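Let me begin by presenting the structure, written as structure tokens, before commenting on it.
Chain naming here is simple, since letters A, B, ... match the order of the sequence lines and numbering starts at 1 in each. Keep in mind that this is a model prediction, so the values were computed, not measured.
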Protein chains: 2
Amino acid sequence: MTNSVHHYIHPDRFLVSVDCIVFGFHDTELKILTFKRKIEPQIGAPSLLGGFVCKEESIDDAAKRVLDKLTGIDDLYMEQVATYGDLDRDPAGRVISIVYFALINIEDYDHSLLERYDSSWLSKEEWNHLIFDHRKMVEDALKRLRKKAATFDIGFNLLPEKFTLTQLQSLHEAIYSESLDKRNFRKKVLSLNILDKLEEKDKMHSRKGAYYYKLNENYR
Amino acid sequence: MTNSVHHYIHPDRFLVSVDCIVFGFHDTELKILTFKRKIEPQIGAPSLLGGFVCKEESIDDAAKRVLDKLTGIDDLYMEQVATYGDLDRDPAGRVISIVYFALINIEDYDHSLLERYDSSWLSKEEWNHLIFDHRKMVEDALKRLRKKAATFDIGFNLLPEKFTLTQLQSLHEAIYSESLDKRNFRKKVLSLNILDKLEEKDKMHSRKGAYYYKLNENYR
DNA sequence: TCAAAAGTGTTCATTGTACACCCATGT
DNA sequence: ACATGGGTGTACAATGAACACTTTTGA
């Protein structure tokens, strides 16, 4: 901001928050981490993880701080989505909110934190219970995730380091809410040459066992 | 922001600005509207149009206000790009800036405003003279414009209502900084069935004359 | 008559899509 | 032996990319 065009000589100051959408993948379902709202209105309804931005931190750092505190994970994948600044978006007062989404491997998540913060993993059908404009935020974030996952730019952060092609396909089916053809999916993802096939097999989910893959170093 | 996680009981407040990237297309070149900075440091260097957000307006409205004032156009195409909030992004002090880009038909622009606001249309080679993080903002906005123009989702706002296919192609060449095959381009755009061919011809740019097209009502 | 821009089709390569059966193994 | 999930290939359609000549007309 440099060549100011504003109504007042002394510009207004605002509360600025970050709201974070934490995506996780478990058991063929795409989920988001939410908190139970503690105050009226809509007490008890699920809301996103949020926190106010502080003077001495960048907004990216604020998002990292909130995410670290509430997930216990400090190296997660994080991306800014958009900023929401309508006058009445929060009934408690004017707050401008910058939304981030994060992808975590749900196995890395310490589930004891669920009680500590009174949080829970919401599956898609429940997302419409989110308060205020949080539903819209999640919609927008999901659109972004879908666009990027289509080209396999991101998404691997939702899986363990070693994963089977079945898991990867199942993740994509969860992201797009539609089922995909197994042969076409495998052909496509393998043709990208971004996966390394391991010797090791996953014997947990089938008798035959499925080969583990991991993302090639160059695409980490 | 609801379940606050912050360091202080009394959260900090911030100056929040909108910075606007106004794209225009003239004479086979993609340009942006910029202002000459009036204060040190970097006095005289080009900067984006900006303004502080006020209490009684949404951030979208703030962007509209700035754009209307500085272009004289009130129904332009506008889209939020991203928010920039590093501590030292503006040497004058901490300002969180939400960036928008707008597309205007440069013919609608009142060029007397150039003097009034000491502004100018910068072509691509000059974009790297922009102050601070404004160069990065423009890069990010251009990426978005390119993605959307590829599918002809937007871009027509940069042209007059009636335009020739040559103009449209030349616009795309300017957006992507590369030349395109005439036959393939026309085949593709016409196959989308979003254009109506008019009777009228543009006789300004060739002896033979090129048919005008306009965007079909349904895709306005 | 000629210079300058408008307009037009075909071939080939690549990519996406539909579709069904055998394999390995633990119980 | 059988149930369960793992793994594989082919044919066709759609899309994208390369490529050159004729048309119109004002000067």
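- Computed from coordinates, the B:K208 NZ to C:dA6 P distance equals 9 Å when rounded to whole Å.
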B:I104 vs B:V22, test: side chain to side chain contact (heavy atoms under 4.5 Å, CB included). Steps then yes/no. CA-CA 7 Å; B:I104 71 169; B:V22 178; 3.9 Å; yes

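- Contact between B:Y109 and B:S119 at its shortest, heavy atoms only, is OH-OG, 3.8 Å.
- Electrostatic pairing of A:D118 and A:K38 counts as a salt bridge here, judged by a charged N lying under 4.0 Å from a carboxylate O.
- End-to-end axis angle of the helix from C:dT1-D:dA27 to C:dT27-D:dA1, using five pairs per end and rounding to 10°, comes to 10°.
- Note on B:T164: nothing from the nucleic acid sits closer than 4.0 angstrom, heavy atoms only.
- Picking from D:dG26, D:dT4, C:dA6 the nucleotide with the shortest atom distance to the side chain of B:R207 gives D:dG26.
- The nearest whole Å value for the distance from the NE2 atom in B:H205 to the C1' atom in C:dG7 is 17 Å.
- Listed pair B:T166 / C:dA5 fails the phosphate criterion, with no side-chain N or O lying under 4.0 Å from OP1 or OP2.
- For the pair A:L165 CG and D:dG6 P, the interatomic distance rounds to 10 Å; values are reported in whole Å.
- Salt-bridge annotation for B:E57 and B:K64: absent, with no side-chain N of the basic residue lying under 4.0 Å from a carboxylate O of the acidic one.
- Residue B:Y117 places its OH atom among more than 12 non-hydrogen atoms of other residues, nucleotides or ligands, all under 6.0 Å distant.
- Between the side chains of A:E217 and A:Y219, no donor-acceptor pair of N or O atoms lies under 3.5 Å.
- Residues from residues 177-204 of chain A that place a heavy atom under 4.0 Å from any atom of DNA chain C, listed by number: A:D181, A:R183, A:N184, A:K187, A:K203.
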